[in-house]
Amino acid sequence: MKKIDVVLGLQWGDEGKGKVVDVLTPDYKVIARFQGGPNAGHSLVFDGEGFVLHTVPSGIFRKDSVNVIGNGVVIDPVILMDEIRAIEQKAGDITGKLQIAKRAHLILPTHRMLDAASEAAKGKAKIGSTLKGIGPTYMDKTGRNGLRIGDILSPEFQERYDALKQKHFGLLAQYDFQYDITEYEKQWMQAVEALRRFQFIESELVVNEYLKNDVPVLAEGAQGSMLDIDFGTYPFVTSSNTMTAGVCTGLGVAPNRVGKVMGIFKAYCTRVGSGPFPTELFDETGESLRQIGHEFGATTGRPRRCGWLDLVALKYAVMMNGVTELIMMKSDVLNTFKTIKIATAYRIGGKQVDYFPFENGEELTPVYREFPGWDCDITAVRRYEDFPQAFRDYVAFIEQETGCPVKIISVGPDRSEIVLR
Ligand code: GDP
Ligand code: IMO
Ligand code: MG
């Protein structure tokens, strides 16, 4: 019996999960998303072309892969069908390659309106949500009101949809918010119909059956650990468990069936949306990271906030995810920096702490350790031995502090720009 391996983000999302999953897919048969929804934007680059996936697992372009959207995911049929059409233009019919959990919840047009109304009402305190309806959909899930993919097949679907929509209208009336869902609702109903050509599955049975038959399965996370609903920088988080624990609830796999946990981080740090970010840089260095790293959101196009690597937050994420190996992304972005910093502790109220505390807002000042930059182009490196010494020292420090080996290093956006150790 096989165990399920996991790839997930250890920072505030956008670590490069899409690229890594695409690179690793030839070693697996099944790729499964376990949480999040179209708030995710996972970029893949190959054959000189870029692709952004939101709901479909990043294994979809590899021959013979099976891609599962698990029960923990929330689905907007319009966004999913748009994505499927774009994929099919490039890769042909994917009907046989995509399976959708019947237990996955549906994002209704009114969930999107509720997301927008709630954010607008928050004013300056807004989360910076992607406005895809994620929060309201998970609220209806835990509130036991939600509609699921499997419900599409029920003769009462329309009736249940209308009842939930009316409930949402009632909630929306409490906001000073103008909206019109007529056009989107039409597209939504058409997309729901279009989805019927895919296999709706009991993903928990299917995934466990794969594992029982020694079929290798890779779970693909969305967002990152610091956006986790329980352990992220609450309330500036997303509404799901983005960590390894989410694999169990989002796919129906038992904790003792989890194998390798591959934690991804950028060689520096970014965040999009509001909320604490202790190592954020507001100076030219931050701007350079943004420009060189093309740090603009894959889903919303918003500029990402940039800063140095935060080892305190990284160790926190490594601990709670049970990370067995690390993957360092976007190393090439640091090529030209003369000095590179890593936060190893925080100062808070005159005290120094080396853990990620409950009080994680502006009261934290990072304590940095400086490293000399490698100051050369590493994009063409394909063997670890060929990296400059300064680069290897940077990696060795991260390994020593986290207690985890860095097994994969990414040196550019393309599928081929990768160093496996
Ligand atoms: P995800 O959400 O974790 O899949 O990450 P995103 O796709 O949102 O953001 C990662 C961005 O970095 C994308 O534009 C990728 O094409 C790009 N990228 C991934 N790996 C590397 C790398 O090693 N170097 C550079 N320069 N860009 C990379
Ligand atoms: P991937 O999978 C980066 C952020 C939003 C906002 C907060 C809540 O591409 O790494 P939500 O729409 O979930 O209500 O937004 O979380 N966020 C992400 N940031 N990458 C993502 O996904 C994100 N998904 C949500 O910017 O701050
Ligand atoms: Mg992304």
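Looking only at atom types and distance, the side chain of Asn39 has a donor-acceptor partner in the side chain of Gln223 under 3.5 Å away. Side-chain contact check for Thr249 and Asn241: no donor-acceptor pair (N or O, by modelled atom type) lies under 3.5 Å. For the residue pair Thr270 and Lys266, a side-chain donor N or O sits within less than 3.5 Å of a side-chain acceptor on the partner. The closest side-chain donor-acceptor pair between Asp310 and Tyr316, if any, does not fall under 3.5 angstrom. With 3.5 Å as the limit, one finds no donor-acceptor pair spanning the side chains of Arg382 and Ser416. Using a 3.5 Å distance cut-off with no hydrogens or angles, the side chains of His168 and Asp140 do pair a donor with an acceptor. Neither side chain, Ser129 nor Glu119, offers a donor N or O lying under 3.5 Å from an acceptor on the other.
Seen from the ring of Phe46, Arg415 counts as a face-on cation partner, given the 6.0 Å and 45° thresholds. Stacking of Arg304 on the aromatic ring of Phe296 is not recorded, the 6.0 Å distance cut-off and the 45° axial limit not both being met. A cation-pi arrangement is absent between Arg392 and Phe387 under the rule of less than 6.0 angstrom and at most 45 degrees off the ring axis. The side-chain tip of Lys102 does not point at the ring of Phe200 from less than 6.0 angstrom away and within 45° of straight on.
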*Residues Trp374, Phe337; criterion ring-ring contact (aromatic ring centres under 6.0 Å, His included); working and verdict*: CA-CA 8 Å; Trp374 40 95; Phe337 290 79; 9.1 Å; no
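Between Phe371 and Trp308, the distance from one ring center to the other does not fall under 6.0 angstrom.
When atom types are taken as modelled, the side chain of Asp115 and the backbone of Gly133 share a donor-acceptor pair closer than 3.5 angstrom. In this structure, Glu363 contributes its side chain and Gly361 its backbone to a donor-acceptor pair below 3.5 Å. Looking only at distances, a side-chain donor or acceptor of Lys19 sits under 3.5 Å from a matching main-chain atom of Gly412.
The pair Lys29-Asp64 does not meet the salt-bridge criterion, since no charged nitrogen lies less than 4.0 angstrom from a carboxylate oxygen. With respect to the salt-bridge test (charged N to carboxylate O, under 4.0 angstrom), the residues Glu325 and Arg421 do not qualify. A salt bridge is defined here as a Lys NZ or Arg NE, NH1 or NH2 lying under 4.0 Å from an Asp or Glu carboxylate O, and Arg290 with Glu280 fails to meet this definition.
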